[in-house]
Amino acid sequence: MMGRSILFWILFLGAEFLLAEGLQILADEHPHQRARRSVSPNRRAEIRNMSPTDRPSCPEGQTVPPTRVNTTERLAKLRTEMISAGIHAYIIPSEDAHQSEYPSDYDLRRKYISGLSGSYGLAVVTRDQAAVWTDGRYFLQAEGELDCNWILMKMGESGVPSSTEWVISVLASTTNAKVGAYPFLINSGSWISYDTALSKESITMTPTSEDLVGKIWTTGRPQEPNSPINALPMKFAGRSWQDKIGDMHKAMEEKEVDAMIVTGLDETAWLLNLRAADIAYNPFFLSYIIVEKQGNATTLYIKNAATKLTQNQTDTETTEKLYQHLNTGTNGDCTGRTGLCVTVLEYDPVAVQEKVRTVANSDATQMVMVSFSCNHALSSVIPEAKRLRENTPVAIAKAKKNEVERNGMRNSHKRDAVALITFMAELEKKVKSNVYMTEVSAALDLKTERMKGLYNRGLSFNSISAVGSNGAIIHYSPSNLTNKQITTSEMYLLDSGGQYLDGTTDVTRTFHFGTPSKYEKECYTRVLMGQVDLARFKFAKTKFGPYGREIDAIARRPLWEVGLQYRHGTGHGIGMFLSVHEGPGRISLSHAPFESDSPLDDGQFFSDEPGYYEDEQFGIRLENIFMVKEVETTYKFPNTTFLGFETVTLVPYEPSLINYDLLSQSQVDWINAYHKRIMDTIGEELRGNKPEAYNWVAARTRPITRTVSSSTVTYPSFALLSTILISLFVWV
C-alpha cells in the first residue's frame with residue numbers, strides 16, 4: 001500500500017508540473033508579474049517580426065467581424081502625446097487606481113484604446129506598433145473586437161512573449177529608450193518588476209504626470225462615478241465597523257505596523273459596512289482608507305464628501321445617514337466625538353498621496369502596510385525600509401465570512417435559485433413551443449425575474465447568455481450584433497448572478513432543449529464529473545495550505561483523461577454583497593501563482609466551475625458556489641482539522657446531456673443527494689407558488705438509479721418506484 005500511495009502522489013504532482021510547463025504561463029506573463037529573464041538575439045528578432053497579419057481575420061480579403069473597433073485615430077493621438085512626453089512605449093492596464101477587476105465605465109482606458117471589451121488584458125503601444133495581452137477567456141472575443149492595428153498576444157500559448165520581452169525586443173535599437181505608464185494605474189509590484197527587467201537593457205521605466213489615454217479621450221467618455229453611499233445594516237453585515245476597526249488594530253499590532261493604506265474598493269466597502277453603485281454590478285464607491293494606530297485615527301476619502309455625509313439614504317433597508325453611521329460630524333470632522341470616529345475627506349488622489357507621504361515619513365511611524373495591489377503612486381512615497389507589502393488583514397477577514405454572512409449567502413442562493421428555475425421553466429416551454437427567444441431577450445427576462453427577489457439590488461455581472469458557437473467565447477456578452485436565437489438544435493450556456501443585501505450569487509448551467517450529440521453529452525458529463533469530484537473533496541488543513549491551485553486538477557481530471565482542457569481557472573472567490581470575483585484566494589492552474597494567493601480556509605466561498613469549449617461549435621460550463629468548512633471524517637488524525645465544501649447553489653443539472661454510463665457510483669450518490677437537497681430546500685415554495693417551475697425542477701431531480709441488467713443509469717418511472725417501495729415494505 002505504501003508503494004502505491006507514493007506512486008500516486010508522484011504521478012499527481014508530476015501532472016501538475018507538466019501542466020505548468022506545458023502552459024508556459026510564467027509569472028512574467030501575467031500583467032501583475034513581469035519578466036525577469038533576458039531575451040536572446042534570435043528570440044528578439046522573432047518577436048520583432050510578429051504582426052497583426054498573423055491573426056486569421058487580418059490578412060487581405062478576410063471578412064471584417066461586425067464587433068471590430070476602429071482604433072486608428074485613437075492610436076495616432078496617443079502617439080502624439082507619447083512624443084510630447086518623451087516616451088517610446090506606453091503601458092495601458094485594464095485596472096483603475098484601485099486595481100479593480102471591473103472598473104467604472106469612466107476608467108475603461110484599455111477598452112477605449114484597443115477595442116477589447118473583456119475584463120482582462122494589457123495594452124502596450126509603441127510609436128509604430130501596438131499589442132494586447134489577454135488570457136484564454138477572451139481569445140475569440142479579442143479576434144472579433146481588435147482591429148488590425150493590434151498584435152494579439154494569447155497568454156499561455158507557445159511562443160507568445162511577455163509584455164516585457166516584447167518591449168525589450170521592439171525597443172532594442174532605440175537609444176535611451178523610455179517606457180511610460182501612469183503610476184496611479186499600475187500596482188507597485190508590477191512597476192518594480194518592469195523597472196528591474198527594463199533597466200538591465202538600458203531602458204528606463206518612466207512615470208507620466210498625466211493619464212495619456214484620459215488626455216485624448218475627450219469625446220464620448222462617461223462621467224466619473226458619484227453614486228450615493230448607504231450603510232449596510234448589521235442584520236446583513238454581522239459585525240459593526242467599529243469592531244472591524246478594532247480587529248484591524250490587533251492585526252496591525254501583531255505585524256508591528258503603525259499605519260495601513262486600504263486601496264481596494266471591496267475592502268473599503270466591507271471594512272466600514274458601506275455600499276454604493278460607482279461600479280457596474282459591484283456595490284462599491286471610489287475611496288481610500290488610512291488606518292493609523294496612533295490616536296485610533298481612521299480617514300476615509302470619498303467623492304463629493306460634503307454632500308454624501310448628510311444626504312438621505314437611498315436604500316430602503318438603510319436607516320442612518322452617512323455621518324451618523326460613521327460617528328463623525330456633518331462636515332466629516334471628528335472633533336468632539338466620543339468613541340471610534342471616521343474622518344471623511346474629499347477624494348483627491350494627489351491629496352491621498354501627500355497624506356501617505358506624511359504618515360510614512362513621520363518619526364512615530366515605523367512601518368506602513370500596503371496591499372500587493374496598491375498602486376505605485378502611493379506605494380512609492382513610502383520609504384522601502386518602512387513598507388510592508390502583503391494581503392491586508394481587511395482582505396483576509398473579508399474572505400472568511402462571519403456566521404451572519406454565511407447564512408446570508410445561503411439564503412440569497414435559495415432565493416436566486418427560485419428565480420433562475422422559474423425563468424428556465426418558462427424559457428424551455430417557449431423554446432419548445434417555437435416562441436422566438438434570443439440570447440438578449442432571455443438575459444433581459446432573467447434579469448426581470450431575478451430583481452423580483454427579496455433584497456435584490458441588481459445583477460452581479462452582465463449575464464453570459466450564449467447559444468451554440470457563442471458559448472465557446474468563454475466570457476461572451478450578448479449584443480444585438482451577435483444575438484442568436486435559442487432553439488432546440490444547439491446548446492445554450494447561461495452564466496448569471498445577482499446582488500442581494502445578504503449575498504452575491506453566480507451560477508452557470510448548460511442546456512439542450514432538443515437531442516444533443518453523443519460527443520456533446522460526453523463533454524457535458526465529463527465537466528459534471530469534474531465539478532462533482534471537486535465538491536466531494538476533503539483535505540487536511542496545514543500551516544502551509546493547501547492553496548486553491550493545488551486542488552484545481554481534481555476538476556480537470558475527467559477531461560484530461562480524454563485529452564480535453566479549458567483555459568480558465570476552476571474557481572474564484574466570491575464576496576457577500578461585494579465582488580463576484582473576490583481575492584485573495586482562488587482555485588486555478590490557468591496561470592502562475594500570484595504573490596497575493598492565500599490558502600483555503602473555513603468560511604471562504606468559491607466557485608466550482610469546470611468547462612469545455614469547442615471553437616465555433618459550443619461551450620459547456622457548470623458553476624456552483626461552495627463554502628469551505630470543517631468536515632467530519634471516519635478517523636481522527638491527531639491535531640488535524642479536515643476541510644471540505646458545502647455547495648450553496650441549488651439548481652439541478654440537465655438530464656438530457658448526461659451520459660450516465662460515465663458516472664461512478666460515488667458521483668451518482670453525490671448528484672442524488674444534491675438534487676434531494678434542492679427539493680427539500682426550495683421544493684415546497686415552488687409547489688405552492690410556482691407549479692410550472694416545481695414540475696420543471698422535479699423532473700430534473702428524480703433519483704438516478706442503476707438497473708439490475710446493465711450498468712446503464714436511468715430515470716425510474718413512477719410505476720417502477722412504486723414497485724420498489726412495495727417490495728421493500730413486504731420485505732420489511
Side-chain angles (χ1 to χ4, degrees), residues 31-32 34 52 68-134 138 142 145-153 163-164 166-167 170-171 177-188 190-191 194 204-225 265 278-280 286 347-350 353 373 375-378:
H32 301 294
R34 311 297 174 186
R68 179 168 287 175
V69 178
N70 187 338
T71 64
T72 300
E73 184 178 351
R74 298 172 188 178
L75 285 170
K77 290 180 178 179
L78 178 60
R79 285 171 174 141
T80 298
E81 294 297 332
M82 290 166 56
I83 292 170
S84 297
I87 57 176
H88 302 89
Y90 190 63
I91 299 170
I92 307 106
S94 301
E95 296 83 6
D96 59 14
H98 305 273
Q99 297 298 290
S100 305
E101 179 185 11
Y102 298 107
S104 71
D105 289 347
Y106 174 85
D107 285 309
L108 296 178
R109 298 168 182 84
R110 190 260 304 144
K111 176 184 176 182
Y112 172 78
I113 198 63
S114 71
L116 175 61
S117 63
S119 66
Y120 184 91
L122 176 81
V124 181
V125 177
T126 70
R127 294 184 182 182
D128 57 5
Q129 295 188 70
V132 165
W133 284 256
T134 192
Y138 299 111
E145 292 180 337
L146 297 175
D147 68 9
C148 294
N149 288 304
W150 293 88
I151 302 169
L152 173 56
M153 301 293 191
S163 56
T164 312
W166 187 74
V167 167
V170 299
L171 297 183
K178 293 182 179 180
V179 175
Y182 189 49
F184 279 98
L185 301 179
I186 294 185
N187 73 58
S188 59
S190 293
W191 189 284
Y194 272 129
T204 304
M205 188 68 183
T206 305
T208 59
S209 60
E210 295 180 272
D211 161 25
L212 299 190
V213 173
K215 195 172 180 182
I216 67 166
W217 193 357
T218 55
T219 58
R221 188 175 189 179
Q223 293 293 312
E224 288 189 80
L265 300 185
D278 279 3
I279 312 292
L286 296 182
Y347 179 95
D348 178 351
V350 175
Q353 185 184 47
S373 61
N375 66 59
H376 182 66
L378 297 186

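These numbers come from a predicted model, not from an experiment. Position 1 is the first residue of the sequence; numbering continues from there.
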Nearest heavy-atom pair of Ser163 and Val124: which atoms, and what distance? CB-CG2, 4.3 Å
Tell me which pairs pass salt bridge (charged side-chain N to carboxylate O under 4.0 Å, His left out) where either residue lies in residues 211-220, with sequence neighbours left out. Glu81-Lys215, Arg109-Asp211, Glu210-Lys215
All side chain to side chain contact (heavy atoms under 4.5 Å, CB included) counterparts of Lys178, not counting sequence neighbours: Ile87, His88, Thr204, Thr206
Would you call the rings of Trp166 and Trp133 parallel, tilted or perpendicular, where under 30° means parallel and over 60° means perpendicular? perpendicular
What distance separates Leu286 CG from Asp107 CG, expressed to the nearest 0.5 Å? 7.0 Å
Full working for side-chain hydrogen bond (donor to acceptor under 3.5 Å, both in side chains) between Asp278 and Ser104: CA-CA 7 Å; Asp278 279 3; Ser104 71; over 6 Å; no
Applying side chain to side chain donor-acceptor pair (under 3.5 Å), can you list everything that pairs with Thr208, at least two apart in sequence or on another chain? none
Those residues that, when tested against Tyr102, pass side chain to side chain donor-acceptor pair (under 3.5 Å) (two or more places apart): His581
Those residues that, when tested against Pro183, pass side chain to side chain contact (heavy atoms under 4.5 Å, CB included) (two or more places apart): Trp191, Pro207, His376, Ala377
For Lys111 and Ser117, which heavy atoms make the closest approach, and how far apart are they? CE-CB, 3.8 Å
Can you confirm whether Gln223 sits close enough to Tyr106 that some side-chain heavy atom of one is under 4.5 Å from a side-chain heavy atom of the other? no
Just to verify, what does Lys77 make a salt bridge (Lys or Arg N to Asp or Glu O under 4.0 Å) with, not counting sequence neighbours? Glu73
For Trp150, the ring pair (Phe, Tyr, Trp, His ring centres under 6.0 Å) test, sequence neighbours excluded, returns none
Say whether, by atom type as modelled, one donor and one acceptor occur between the side chain of Asp96 and the main chain of Pro103 under 3.5 angstrom. no
Can any side-chain N or O of Thr126 pair as donor or acceptor with the backbone N or O of Gln129 at less than 3.5 Å? yes
By ring pair (Phe, Tyr, Trp, His ring centres under 6.0 Å), Tyr182 pairs with (sequence neighbours left out) Phe184
Going by the rule side chain to side chain donor-acceptor pair (under 3.5 Å), which residues pair with Ser373 if we only count those two or more places apart in sequence or in a different chain? Ser371
Just wondering, do Leu185 and Pro93 contact through their side chains at under 4.5 Å, heavy atoms? yes
Met205 side chain reached by Ile91 side chain, heavy atoms, under 4.5 Å: yes
Quick one: pull up CG in Asn149 and CG in Leu75 and give me the separation to the nearest 0.5 Å. 5.5 Å
Do Tyr112 and Ile92 have side chains that get closer than 4.5 Å, going by heavy atoms? no
Quick check: closest heavy atoms across Trp217 and Asp105, and the distance to 0.1 Å? CH2-O, 3.7 Å
Please round to the nearest 0.5 Å and tell me the distance separating atom CD1 of Ile216 and atom CZ of Arg79. 10.5 Å
Thr219: partners by side chain to side chain contact (heavy atoms under 4.5 Å, CB included), with sequence neighbours left out: none
Taking every non-hydrogen atom, the tightest pair across Leu146 and Leu152: CD1-CD1, 3.9 Å
What residues, two or more places apart in sequence or in another chain, satisfy side chain to side chain contact (heavy atoms under 4.5 Å, CB included) together with Ser94? Arg110
Contacts of Asp348 that satisfy side chain to side chain donor-acceptor pair (under 3.5 Å) - sequence neighbours left out: none
How close do Asn187 and Ser190 get, heavy atom to heavy atom, and via which atoms? OD1-N, 2.8 Å
Where is the tightest heavy-atom contact between Ala123 and Ile113, given as atom of each residue plus distance? CB-CG2, 4.4 Å
